[in-house]
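Worksheet: one structure, shown below.
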Amino acid sequence: MQLATWNVNSLNVRLPQVLDWLTAHPVDVLALQELKLSDDKFPLQAFTDIGYQAQWFGQKTYNGVALLSKSPAEDVVRNIPGFADEQSRVLCGTFDGVRVIGAYFPNGQEPGSDKFAYKMRWLDALREWLRAELVAHPQLVLMGDYNITFDDADVWDPVGLRETIHCTTEERNHLQALIGLGLTDSVRLFPQPEKNYSWWDYRDFAFRRNRGMRIDHILISEALKARATACEVDKLPRKNERPSDHAPVVLTLD
DNA sequence: ATGACCGACACAGTCGGA
């Protein structure tokens with residue numbers, strides 16, 4: 001079984017690339033973030049044409065998430081139960097017995113801002129929901145654009161970006177609290193290239209210079225950790241014309 | 001230091017992204 005996550009930065013623009021990628025990498029579940037389209041604009045037919053089913057939770061202009069899958073989704077949940085949210089950020093379903101949560105974590109913009117405070121509240125709510133979800137579903141994966149780096153190894157310029165957004169101690173403590181629930185960063189289970197990032201700024205030739213951050217993650221429960229055989233970032237789509245600024249991350253399970 | 005680049009919305013310039 002293979003699972004993947006990809007922030008596509010507009011599904012309108014990136015649909016051909018998503019279709020190409022899925023054809024070349026027929027994963028069982030692909031979580032998408034930043035659809036930037038309303039539900040009535042979701043291109044369902046394009047995915048059914050290549051053998052995929054879909055769940056989607058869109059929003060005009062901003063946010064929006066989807067789960068594309070070979071098998072049908074069961075027990076679908078939209079956003080974090082009990083956390084009132086105008087923004088479409090979380091989509092959850094069970095696929096072949098695996099509880100899959102696709103999430104687009106808030107950006108936070110700048111420490112001290114209202115958006116940062118929302119990010120912290122959102123992270124609190126996510127953690128408390130996950131705590132219960134893990135009891136009900138031992139085989140669980142949380143994947144998406146976390147907008148948080150684990151540590152300086154995830155940052156191209158840790159000195160220059162010290163305590164800036166995605167790199168603050170407060171955000172990293174929240175990420176460690178998810179680890180504290182019994183989740184594991186699947187990328188770091190396996191040997192990786194040096195400076196292994198998942199996002200690069202569009203500006204200043206950042207991809208060519210590998211000036212990036214690893215902010216897209218796949219966290220897995222103990223039961224899934226026992227099944228994990230590989231996890232890697234696929235940088236190839238970032239080399240396309242009109243690429244997303246994020247690259248897909250792919251997890252392989254036995 | 002600032003802006004760079006991109007997408008949406010709208011059709012200019014602003015906002016949000018990260």
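Chain identifiers are assigned alphabetically (A, B, ...) following the order of the sequence lines, protein sequences preceding nucleic acid strands; residue numbering begins at 1 within each chain. Every value quoted in this text rests on a predicted model; they were computed, and no experiment measured them.
Applying the 4.0 Å criterion to OP1 and OP2 of B:dG17, one finds that A:H166 has every side-chain N and O outside that range. A:N9 has no side-chain polar atom (N or O) that falls below the 4.0 Å cut-off from OP1 or OP2 of B:dC6. Phosphate proximity of B:dA18 to A:R203: absent, as no side-chain N or O sits under 4.0 Å from OP1 or OP2. Checking the phosphate oxygens (OP1, OP2) of B:dA8, no side-chain nitrogen or oxygen of A:K60 falls inside 4.0 Å. When the side-chain nitrogen and oxygen atoms of A:T61 are compared with OP1 and OP2 of B:dG7, none of them lie within a distance under 4.0 Å. Contact check, A:N7 against B:dG17: no side-chain N or O comes under 4.0 Å of OP1 or OP2.
In plain terms, the two heavy atoms of A:R14 and A:N9 that are nearest each other are NH2-O, 2.7 Å. Listed here is the closest heavy atom pair of A:F57 and A:R89: CE2-N, 4.1 Å.
Considering only side-chain atoms of A:Y62, the nucleotide from B:dA18, B:dG16, B:dA8 that sits closest is B:dG16. Among B:dG7, B:dC9, B:dA18, the nucleotide with an atom closest to any side-chain atom of A:Y104 is B:dA18. Candidate nucleotides B:dG17, B:dA8, B:dA4 were compared by shortest atom distance to the side chain of A:K36, and B:dA8 ranks first.
Among the atoms of the strands shown, only primed sugar atoms or phosphate atoms (P, OP1, OP2) are found under 4.0 Å from some heavy atom of A:R14. A:N63 comes within 4.0 angstrom of no nucleic acid atom, judged by non-hydrogen atoms across all strands. Using a 4.0 Å heavy-atom criterion, one finds that A:F205 contacts no nucleic acid atom at all. Among the protein residues, A:N107 comes within range of the nucleic acid bases, having at least one heavy atom under 4.0 Å from a base atom.
Atom C1' of nucleotide B:dG17 and atom CG of A:D114 are separated by 17 Å, given to the nearest angstrom. Spacing between atom CD of A:Q33 and atom P of B:dA18 amounts to 10 Å, rounded to whole angstrom units. What separates CZ of A:F207 from C1' of B:dA18 is a distance of 16 Å, to the nearest Å.
Judged by a 6.0 Å distance limit and a 45° cone about the ring axis, A:K36 is not positioned over the six-membered ring of A:Y62.
Between B:dA1 and B:dC11, the two P atoms lie 36 Å apart (nearest whole Å). B:dG3 sits 12 Å from B:dT14 when the P atoms are compared, rounded to a whole Å.
Each of A:R242 and A:Q109 was matched to the nucleotide of DNA chain B holding its nearest heavy atom; the match closer to the 5' end belongs to A:R242.
When the options A:W129, A:F116, A:F105 are evaluated for a ring pair (Phe, Tyr, Trp, His ring centres under 6.0 Å) with A:W122, the one that passes is A:F105.
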